[in-house]
Amino acid sequence: MESTLSIIKPDGVKKNIIGNILKKFEDSGLKITHIKLIQLTEKEASEFYEMHDGKPFFKDLVAFMSSGPCIPFVLMGENAILRVREIMGATDPQEAKEGTIRAQYADSIDSNIIHGSDSQDSATREISFFFG
Ligand code: AMP
């Protein structure tokens with residue numbers, strides 16, 4: 001059993017597809033154990049993405065993630081980290097497989113609807129970031 005952190009990013013909330021996204025995870029058998037709707041400050045978004053500080057896309061990423069409400073949630077299940085990443089699809093929606101969330105809903109690599117932890121260490125850090 002694993003837990004992983006996912007976020008419906010501000011573009012997903014604006015597009016009114018929260019239910020569609022959560023349904024994809026629930027249909028795959030994963031359980032939502034924590035969920036909330038919040039708006040990150042720029043400081044909080046910078047902290048969450050601190051590993052990308054200094055990269056060319058960092059400033060835009062922080063501005064985007066704090067531009068409106070988002071929905072962080074925890075998914076639990078067998079191999080949850082990998083399964084969530086498969087359901088999300090590749091970071092760049094142009095490379096995402098058909099049927100994945102990003103292939104279906106994302107506009108671009110900067111505005112890609114959903115986040116998912118990329119490792120056990122990230123999942124632990126990110127769950128604690130949002131849910132203590
Ligand atoms: P992660 O890979 O989940 O740590 O998140 C990095 C996030 O930065 C992605 O989900 C994208 O929203 C954003 N991003 C914007 N431009 C790029 C890029 N060129 N490479 C990787 N990520 C990017």
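Note that ligands are numbered from 1 as they come in the structure, with each ligand's atoms numbered from 1 the same way.
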Counting only heavy atoms not in K55, do more than 12 fall under 6.0 Å of its NZ? yes
Would you please say whether a donor-acceptor pair under 3.5 Å links the side chains of D107 and S111? no
Residues Y105 and K15: closest non-hydrogen pair is O-NZ, 2.8 Å
Evaluate L30 against I87 for side chain to side chain contact (heavy atoms under 4.5 Å, CB included), listing each step before the verdict. CA-CA 11 Å; L30 292 160; I87 294 165; 4.1 Å; yes
Taking any residue with a non-hydrogen atom under 4.0 angstrom from an atom of ligand 1, which ones do you get? K9, Y49, H52, F57, L61, T91, I109, D110, N112, H115
So, for H34 and F130, is the gap between ring centers shorter than 6.0 Å? no
Of all the heavy-atom pairs spanning E44 and L40, show the shortest one and how long it is. OE1-CA, 3.4 Å
